[in-house]
Amino acid sequence: MSRQIIVGNWKMNGTRQDAQALVQALISGLPASAPDVVVCPPFTQLALVEPALAASPIGLGAQDCHKDVSGAHTGDISPLMLADLGVTHVILGHSERRQEHGELDETVREKAVAATKAGLTPIVCIGETEEQRESGEYEDVLGWQIKGSLPDGFAGIVAYEPIWAIGTGLAATTDQIAQTMSFLRAELVRQFGEAGKAIKILYGGSVNAGNAVSVLSIPEVAGALVGGASLKADAFLSIVSAASAA
Ligand code: PEP
């Protein structure tokens, strides 16, 4: 199995001081045989933490980008600007952006194209609502999200994040994750052919220090996208260690 990747999504949290302290704690506590680790601070903290991260094995990610390189898009940040700052990864289509900013699969797909052109690795989030899980239509929903959100030739990362598991403390069960992961792999191969075998799939949704080993040991889980637990160095480092062990 290839190296796992643990991505921390800090969302809209923390001051500059908090960001610096968290980065320092992560760098000093990183285990020797760590998996790939990426942290995604808010835009305002990217430039601040970049020098310390650049001198460490931890990568720098962002939480969104625009589909254009520049232009009249008040309040937006382009993938070129992120690459210029030393950012290597960008989360796209997180359910919070889909819900709060009305992002559609098509928007996410255009952003993924733009991010890739700028040299960034897109981490495209997909996931079903609780209602869709319970009604049994979640596989259709996920299949459509893959079709709509991933561009042709996609060479980034997919994050499967059931919406009902995000920030709720209620992670999907290992059986649910295992079943959904094998469905997603089959769907990626169906839609992308041979290339679909190589696309890494992360799990996200209430991953914490207590459940990380079991989640990261599930076949097809190539790592985790971590929200709440990425804001505490100890918890995030435990998840990183769990990936080293998985
Ligand atoms: C997320 O927002 O991507 C996420 C997985 O959050 P949490 O770990 O807090 O559920």
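Atoms considered below: every heavy atom in the structure, side chains included; atoms not considered: hydrogens, waters and symmetry mates. In each ligand, atom 1 is the first atom listed, and ligand 1 is the first ligand listed. Residue numbers start at 1 and run along the sequence shown.
Just one residue in the list Arg133, Glu128, Gln179, Glu187 forms a side-chain contact (heavy atoms from CB on, under 4.5 Å) with Glu139, and that residue is Gln179.
Atom 1 (C) of ligand 1 has His94 NE2, 3.2 Å as its closest protein atom, hydrogens excluded (heavy atom only). The protein heavy atom nearest to atom 5 (C) of ligand 1 is Glu161 OE2, 3.0 Å. Closest to atom 8 (O) of ligand 1 among all protein heavy atoms lies Gly227 N, 2.8 Å. Protein heavy atom at the shortest distance from atom 2 (O) of ligand 1 is Lys11 NZ, 2.5 Å.
In the vicinity of Gly167, heavy-atom distances shorter than 4.0 Å reach the ligand 1 atoms 7 (P), 9 (O), 10 (O). Listed by atom number, the atoms of ligand 1 under 4.0 Å from Leu225 heavy atoms are 3 (O), 5 (C). Against a heavy-atom cut-off of under 4.0 Å, Gly228 is close to the following atoms of ligand 1: 7 (P), 8 (O), 9 (O). Proximity to Ala165 (heavy-atom distance under 4.0 Å) selects the following atoms of ligand 1: 10 (O). Each of the following atoms of ligand 1 lies closer than 4.0 Å to a heavy atom of Gly205: 5 (C), 10 (O).
Among all heavy-atom pairs drawn from Phe192 and Asp152, the shortest one is CE2-CA, 4.4 Å.
Taking a 4.0 Å cut-off on heavy atoms, Ala229 fails to register as neighbouring ligand 1.
Contact of the Phe236 side chain with the Leu22 side chain is not registered, since no non-hydrogen atoms from C-beta on lie closer than 4.5 Å. In this structure the side chain of Asp84 never reaches within 4.5 angstrom of the side chain of Leu80, judged on heavy atoms. Contact annotation: the side chain of His94 approaches that of Ile166 to within less than 4.5 Å [non-hydrogen atoms, C-beta and beyond].
Qualifying side-chain hydrogen bond (donor to acceptor under 3.5 Å, both in side chains) partners for His89, counting only residues two or more places apart in sequence or in other chains: none.
Between Lys147 and Asp105 there is no salt bridge, since no side-chain N of the basic residue sits under 4.0 Å from a carboxylate O of the acidic one.
Hydrophobic clustering (side-chain heavy atoms under 4.5 Å, transitive across Ile, Leu, Val, Met, Phe, Trp, Tyr) groups Val124 together with Leu120.
Contacts between Ile166 and ligand 1 below 4.0 angstrom, taking non-hydrogen atoms only, involve backbone and side chain alike.
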